[in-house]
Amino acid sequence: HREYRGGWGPRFERSPHTRRAREHRENRGEWGRRFTVRPIPLGAHRRPMTERSDPADLLRLYGLRPELTALAAEHGATLGRVRTVYGIAWEVVTAERVLRASFDVRSRARREEDHRLRPAVGDWVLLSRDEATIERVLPRASLLSRKAAGKGDVAQVIAANVDVLAVVTSLDADLSERRIERYVLMAREGGVRPAVVCSKSDACVGEAREAMLARLATVCDGVQVVVTSARSGEGLEALRALASNGVTLALAGSSGVGKS
């Protein structure tokens, strides 16, 4: 076949499937839009952020503390905060840009068999000089974690350096005291301030609403409760106050309760 076709390349170029796919790409048809791979220019994931008067303003919005700046200056490294984890890559926000960095998982976390050493969402980290590798995870002010499935007593880190954990529950039919109690306990054990956000208050009025709030009071001793409704606007100002500039807010709750 190679001798007759002149090599594997020409053989496959003549295949009807390849020809149809090429025609779709040229015509911008449905298959072209869905399956055409567009190459990303080298370094495109390190796009600079919008220019600011002070580059540190961006990190202040992410909760930058003076002691973190001092640690970065002491080590002569770039300071950043992890905002997304992609399994083997970490998206990090620095004062200048958003970039993706790697982490030597095998020689660090796996060698010591402690998954808490892996960078998690919310971690403050120090980057290498070329900003391609996470060199160090800075001490965490708080930690949200749970028991990892099927791994004994190993903890699974959910997020780090969270200020407020908002446990979202709807007042229509989702209220579960035990679930709220578990979230509140997890927050307090990790040094996070818990709050309970009750959504869809417009769907529960009168005596039914009072009964729901009475049930919440049994598990929310000392916990701020914010009753909200996206439809009527009730409680939205109190909700915004939980997520002011520099405050890291995490949302937890079952599907369909109104976290989005």
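Here the structure is a predicted model, which means the values were calculated and not measured. All residue numbers in this chain count up from 1 along the given sequence.
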Check whether any side-chain heavy atom of [X] sits under 4.5 Å from a side-chain heavy atom of [Y], and report yes or no.
X      : Y      : value
Leu165 : Leu251 : no
Asn161 : Trp124 : yes
Met212 : Leu216 : no
Leu138 : Leu126 : yes
Arg215 : Leu175 : yes
Ser229 : Lys200 : no

Single-linkage hydrophobic cluster, 4.5 Å side-chain cutoff, [X] and [Y] together:
X      : Y      : value
Val164 : Tyr62  : no
Val192 : Val184 : yes
Val219 : Val197 : no
Leu249 : Tyr183 : no
Val162 : Leu68  : no

*How far does OG of Ser142 sit from CZ of Arg188, to the nearest 0.5 angstrom?*
15.0 Å
*Rounded to the nearest 0.5 Å, how far does CG of Leu213 lie from CG of Leu171?*
6.0 Å
Could you tell me whether the side chain of [X] and the main chain of [Y] form a donor-acceptor pair under 3.5 Å?
X      : Y      : result
Lys259 : Gly253 : yes
Asp202 : Ser232 : no
Thr228 : Glu234 : no
Asp163 : Val247 : no
Thr169 : Cys198 : no

*Taking atom CZ of Arg146 as the centre, does the number of heavy atoms from other residues, nucleotides or ligands within less than 6.0 Å exceed 12?*
no
*asked:* Between Ile158 and Met186, does the side chain to side chain contact (heavy atoms under 4.5 Å, CB included) criterion hold? Intermediate values first, please.
replied: CA-CA 11 Å; Ile158 302 172; Met186 179 179 69; 4.2 Å; yes
Could you pull out the closest heavy-atom pair between [X] and [Y], with the gap in Å?
X      : Y      : value
Trp90  : Val82  : CD1-CG1, 3.9 Å
Arg179 : Ser254 : NH2-OG, 3.7 Å
Ser128 : Glu135 : CB-OE2, 3.4 Å
Val196 : Cys220 : CG2-SG, 3.7 Å
Val137 : Pro119 : CG2-CG, 3.9 Å

*Test the Arg100-Tyr86 pair against the cation-pi criterion, namely NZ or CZ under 6.0 angstrom from the six-membered ring centroid and within 45° of the ring axis.*
yes
*asked:* Could you walk me through whether Glu189 and Arg182 satisfy the salt bridge (Lys or Arg N to Asp or Glu O under 4.0 Å) test, starting with their C-alpha distance in whole Å, then the side-chain angles of each, then the deciding distance to 0.1 Å, before giving a yes or no?
replied: CA-CA 11 Å; Glu189 287 181 345; Arg182 288 194 300 270; over 6 Å; no
*Please lay out, stage by stage, how Asp123 and Arg140 fare under the test salt bridge (Lys or Arg N to Asp or Glu O under 4.0 Å).*
CA-CA 7 Å; Asp123 266 326; Arg140 294 161 171 163; 2.7 Å; yes
*Could you check Leu242 against Arg193 for side chain to side chain contact (heavy atoms under 4.5 Å, CB included), going step by step and ending with a plain yes or no?*
CA-CA 10 Å; Leu242 291 177; Arg193 179 167 70 91; 4.0 Å; yes
*asked:* Evaluate Arg81 against Val92 for side chain to side chain contact (heavy atoms under 4.5 Å, CB included), listing each step before the verdict.
replied: CA-CA 5 Å; Arg81 192 171 192 191; Val92 181; 5.7 Å; no
*Kindly determine whether Ser201 and Arg209 satisfy side chain to side chain contact (heavy atoms under 4.5 Å, CB included), including the steps that lead there.*
CA-CA 8 Å; Ser201 64; Arg209 172 170 172 162; 4.0 Å; yes
